[in-house]
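Input: a single structure, listed below in structure tokens.
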Protein chains: 6
Amino acid sequence: MPYVNIKITREGATSEQKATLIKGVTDLLETVLNKNPATTFVVIDEVEMEHWGIGGLPVEEYRRKIGTKP
Amino acid sequence: MPYVNIKITREGATSEQKATLIKGVTDLLETVLNKNPATTFVVIDEVEMEHWGIGGLPVEEYRRKIGTKP
Amino acid sequence: MPYVNIKITREGATSEQKATLIKGVTDLLETVLNKNPATTFVVIDEVEMEHWGIGGLPVEEYRRKIGTKP
Amino acid sequence: MPYVNIKITREGATSEQKATLIKGVTDLLETVLNKNPATTFVVIDEVEMEHWGIGGLPVEEYRRKIGTKP
Amino acid sequence: MPYVNIKITREGATSEQKATLIKGVTDLLETVLNKNPATTFVVIDEVEMEHWGIGGLPVEEYRRKIGTKP
Amino acid sequence: MPYVNIKITREGATSEQKATLIKGVTDLLETVLNKNPATTFVVIDEVEMEHWGIGGLPVEEYRRKIGTKP
């Protein structure tokens, strides 16, 4: 009965992409640990860009400075 | 000084219901473990339906397929 | 299908007390929001005393200074 | 720069299985959302059986009663 | 590679204040534990007032009753 | 009444260092947002090295491969 929380920055993930994440993580837990999908929860949080910090900066500033992928 | 986080799907819980959850959990911790309500935090997260997965599906699809209660 | 996380300091809660918390929170969610117990998860974390801070101090120091209940 | 937290009951997952979960979730986020593995964190929590409740019961009691897979 | 989650009530923190929190926490972890800022994540959650309970009450009611600072 | 959760890998942080983190984060929240230390919680989680993934690998493997600071 796993519980999985996925936090990503809010920048346009579609409903289809979110459903693919839910399916993928649930399948992974069944394949690797034989966990029952019926009691596997996946909760996605989309976090505002200004609420996510990395390198001591809000993520948009950090990306401008460093030039990384999301 | 407990900290309690309650995650539910966003589907119309009222302010009164949320206040009842806060009161109920706080009372429970005082009754069972003698925890001081003044340092008991309860944080409720309402999660968008498409952000909650169970059985490998977003919850609305899962309910249509299985016919469960929330 | 709620998910509840209860964090308390590790100071001797018994298995019976933990089971009472699980039962109490699950019942509360069924009573207040009609949530199905079969898809209600409750996860308890016992946190080491030196890992819990309040008032800018580890909790044991804080209690010595202030004289509060847990 | 996603952050993923996987909570499972502590019942013998091996280091290899945990590494497979880390790899699988990281790959999934890169495939579905083009997230950079170098800034994808995966944190696994193994939760004691008596700390995980479902159906209003600690999970071992629940399984005995219902007969579900983990 | 620390992960820090800061939960505050939603009551008007500015983008500048949030950036100051991100910078401050990241610096603290580098100073105290020599953690690399490039792999230090800080995620801020602003929680609706009616979703935060203390003393068994939603926080606004509690403040009216007790008269505390945020 | 903020709640802060700090997750770090378990690799020898001392009680003094943890107390310094608690003090530092609490002071930061008071300075930046005028939050009351008496209702500021800081919870530290030390995560086993094999439970923390980055770059699709458990952190120790990742460090060997990349040669980063913690």
Side-chain angles (χ1 to χ4, degrees), chain B, chain E:
Chain B
M1 45 211 45
Y3 170 81
V4 180
N5 180 227
I6 301 174
K7 289 187 198 298
I8 52 174
T9 40
R10 187 189 302 279
E11 42 190 324
T14 66
S15 300
E16 287 68 27
Q17 288 173 320
K18 291 169 194 171
T20 305
L21 290 181
I22 288 168
K23 180 77 167 65
V25 169
T26 307
D27 286 355
L28 183 70
L29 282 157
E30 189 175 26
T31 305
V32 178
L33 292 175
N34 197 30
K35 295 296 184 184
N36 186 351
T39 50
T40 296
F41 288 1
V42 181
V43 172
I44 299 169
D45 291 326
E46 287 188 300
V47 177
E48 298 301 327
M49 299 289 270
E50 76 172 26
H51 288 179
W52 197 299
I54 176 170
L57 296 169
V59 65
E60 283 179 303
E61 272 187 62
Y62 183 77
R63 286 187 193 158
R64 272 196 298 275
K65 198 177 131 196
I66 304 293
T68 43
K69 258 208 304 182
Chain E
M1 42 212 45
Y3 170 81
V4 180
N5 179 227
I6 300 174
K7 289 185 197 299
I8 53 174
T9 40
R10 187 186 304 279
E11 42 190 324
T14 65
S15 299
E16 288 69 26
Q17 289 173 319
K18 290 169 194 171
T20 306
L21 290 180
I22 288 168
K23 180 75 167 68
V25 169
T26 306
D27 287 354
L28 183 69
L29 282 155
E30 189 176 27
T31 305
V32 178
L33 293 175
N34 196 31
K35 296 295 184 186
N36 186 350
T39 50
T40 297
F41 288 1
V42 180
V43 172
I44 299 170
D45 291 327
E46 287 189 299
V47 177
E48 298 300 327
M49 299 290 270
E50 77 172 26
H51 287 179
W52 196 298
I54 176 172
L57 295 169
V59 65
E60 283 180 302
E61 273 187 61
Y62 183 76
R63 287 187 191 158
R64 271 197 298 276
K65 197 176 133 197
I66 304 294
T68 43
K69 260 210 300 181

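Since the model is a prediction, treat every value here as computed from it, not as a measurement. Per chain, numbering begins at 1; letters A, B, ... match sequence-line order.
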Inset, instruction - Apply side chain to side chain contact (heavy atoms under 4.5 Å, CB included) to E:Q17 and list each qualifying residue two or more places apart in sequence or on a separate chain. - result: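 Applying side chain to side chain contact (heavy atoms under 4.5 Å, CB included) to E:Q17 gives E:A13, E:T14, F:V32, F:L33.
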Legend entry - Contacts of residues 18-25 of chain B with chain E (heavy atom under 4.5 Å):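 So far as heavy atoms go, B:K18, B:A19, B:I22, B:K23 are the residues that approach chain E to under 4.5 Å.
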Inset, instruction - Against chain E, label B:S15 side chain, backbone, both or neither, depending on which of its atoms sit under 4.5 Å from a heavy atom there. - result: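 Backbone plus side chain of B:S15, per the 4.5 Å heavy-atom cut-off to chain E.
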Legend entry - Which atoms of E:L57 approach chain B - backbone, side chain, both or neither, heavy atom under 4.5 Å: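 It is the backbone, since no side chain atom gets that close.
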Inset, instruction - Enter the distance from B:I6:CD1 to E:H51:NE2 here, rounded to the nearest 0.5 Å. - result: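 B:I6 CD1 to E:H51 NE2: 10.5 Å, rounded to 0.5 Å.
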